[in-house]
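Worksheet: one structure, shown below.
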Amino acid sequence: MKLGIVGLPQSGKTTIFNALTRGHAPTTASAGRFEVHTAVVDVPDLRVTKLSEMFKPKKTIYAKVTYADIAGLETGSAKSGISGQLLNQLTQMDGFILVVRGFQDDSVAHTLGSVDPARDADIMLSELLLNDLIAVERKLERLADERKKGGTDKADNERQTALFQRLNDALAENTVLRKVELSGEENKLLASFGLLTRKPVLIVFNMGEGQAAPEREFETPSVALQGKLEMEIAQLSPEDAEVFMQEYGIEELSLNKMIRLSYDLLQVQSFFTVGEDEVRAWETKRGATAQESAGEIHTDLQRGFVRAEVVAYDDLISLGGMNEAKSKGKLRLEGKEYLVKDGDIVHIRSSL
Ligand SMILES: Nc1nc2c(ncn2[C@@H]2O[C@H](COP(=O)(O)OP(=O)(O)OP(=O)(O)O)[C@@H](O)[C@H]2O)c(=O)[nH]1
Ligand SMILES: [Mg+2]
């Protein structure tokens with residue numbers, strides 16, 4: 001899973017990236033230049049820790065999420081469609097964390113001259129929408145050209161034209177594409193097409209101390225945090241961080257809430273595999289079947305899928321072990337159409 005951190009210049013993207021990754025990327029102005037920092041981060045999950053205590057495996061592997069701090073998006077970026085490298089980076093992401101400046105600090109310049117988080121959130125959301133509108137219009141023009149020239153598959157052209165016309169209508173009415181319902185086939189058709197508003201967005205208001213985030217609702221969920229403070233805490237040793245948080249009465253880093261929200265947004269869930277060698281978290285789309293989930297582990301397990309042995313996390317923990325779960329009838333045999341649930345412990349039987 002890959003999340004792109006985007007936002008106006010100097011909004012605090014790198015600061016929040018550092019907080020998420022405990023990193024030290026320089027927070028000097030990238031001045032609108034295209035620049036990317038990437039880091040792979042373990043998704044904190046107490047369940048994995050507990051399972052690891054139970055099975056004492058040689059290796060414990062948490063689910064991973066890749067964060068990419070992508071500088072270079074500005075107001076007016078999308079005037080002719082976001083181009084080249086930047087668009088290429090953005091389309092590789094599964095979703096976006098849109099950082100919006102809320103902190104007051106005269107020493108940090110604001111490209112728009114004043115601090116106004118609601119305005120900036122609107123501006124960036126419309127940049128993404130405008131980019132898609134331009135891309136879809138261009139595609140419709142190409143399709144029309146092809147029709148004129150003839151020689152191409154006419155039925156296919158008509159199908160595509162109808163689809164892109166629908167997208168165009170939605171965008172023209174300011175509706176993001178994630179709100180447009182698409183068939184599986186249409187989704188496939190669009191997969192390689194760089195549309196940004198099909199991807200989920202979490203707005204992060206990067207506030208200063210004692211400042212409140214906008215109360216207004218946006219088309220997409222939002223969370224407020226103090227980026228600089230969270231970064232400073234994340235860079236402390238765990239012991240120092242605990243002391244610091246106690247002193248300031250901070251119960252939980254807002255960052256963790258942000259990670260959870262971005263998970264919800266992406267509609268993913270975790271299932272686990274356990275054993276003496278390895279306890280491991282895997283990610284799958286909510287609503288994925290056992291066979292699809294097996295494919296996350298290995299394509300052979302998906303192709304040769306025979307059945308899955310499944311026990312719910314809560315059952316395993318409360319019964320104290322696999323044998324206990326088995327003798328209490330909590331270890332179930334499931335077929336390939338079984339819908340895997342968040343927290344399932346799964347063992348796949350495969351013929352390959
Ligand atoms: N006071 C205050 N300053 C902050 C906060 N977050 C970031 N800054 C400062 O704002 C400046 C820009 O922060 P960055 O994290 O580099 O912002 P950015 O969005 O990555 O900037 P570009 O990469 O240039 O687009 C730095 O000087 C930060 O120290 C905050 O919450 N409070
Ligand atoms: Mg930066």
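Note that ligands are numbered from 1 as they come in the structure, with each ligand's atoms numbered from 1 the same way.
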Min heavy-atom dist G7 to ligand 1 below 4.0 Å:
no
Where's the contact between D69 and ligand 1, heavy-atom distance under 4.0 Å: side chain, backbone, both or neither?
neither
If we ignore angles and hydrogens, is there a donor and acceptor under 3.5 Å between the side chains of D342 and Y263?
no
Could you pull out the N/O/S protein atoms under 2.8 Å of the Mg ion (ligand 2), ignoring any water?
T14 OG1
The complete set of salt bridge (charged side-chain N to carboxylate O under 4.0 Å, His left out) pairs with one or both residues in residues 168-182, sequence neighbours excluded, reads R178-E219
Say whether N157 and T161, considering side chains only, have a donor N or O and an acceptor N or O under 3.5 Å apart.
yes
Can you find a side-chain donor-acceptor pair between S254 and E230 that sits under 3.5 Å?
yes
Provide the full list of ring pair (Phe, Tyr, Trp, His ring centres under 6.0 Å) pairs with a residue in residues 150-181, sequence neighbours left out, each pair given once.
F164-F193
What residues, two or more places apart in sequence or in another chain, satisfy salt bridge (Lys or Arg N to Asp or Glu O under 4.0 Å) together with D264?
R286
With heavy atoms only and a cut-off of under 4.0 Å, state how E35 meets ligand 1: side chain, backbone, both or neither.
neither
Side chain, backbone, both or neither: which part of V108 has a heavy atom under 4.0 Å from ligand 1?
side chain
Evaluate T27 for polar contact with ligand 1, using N/O atom pairs at a separation under 3.5 Å.
yes
N/O of T15 under 3.5 Å from N/O of ligand 1, yes or no?
yes
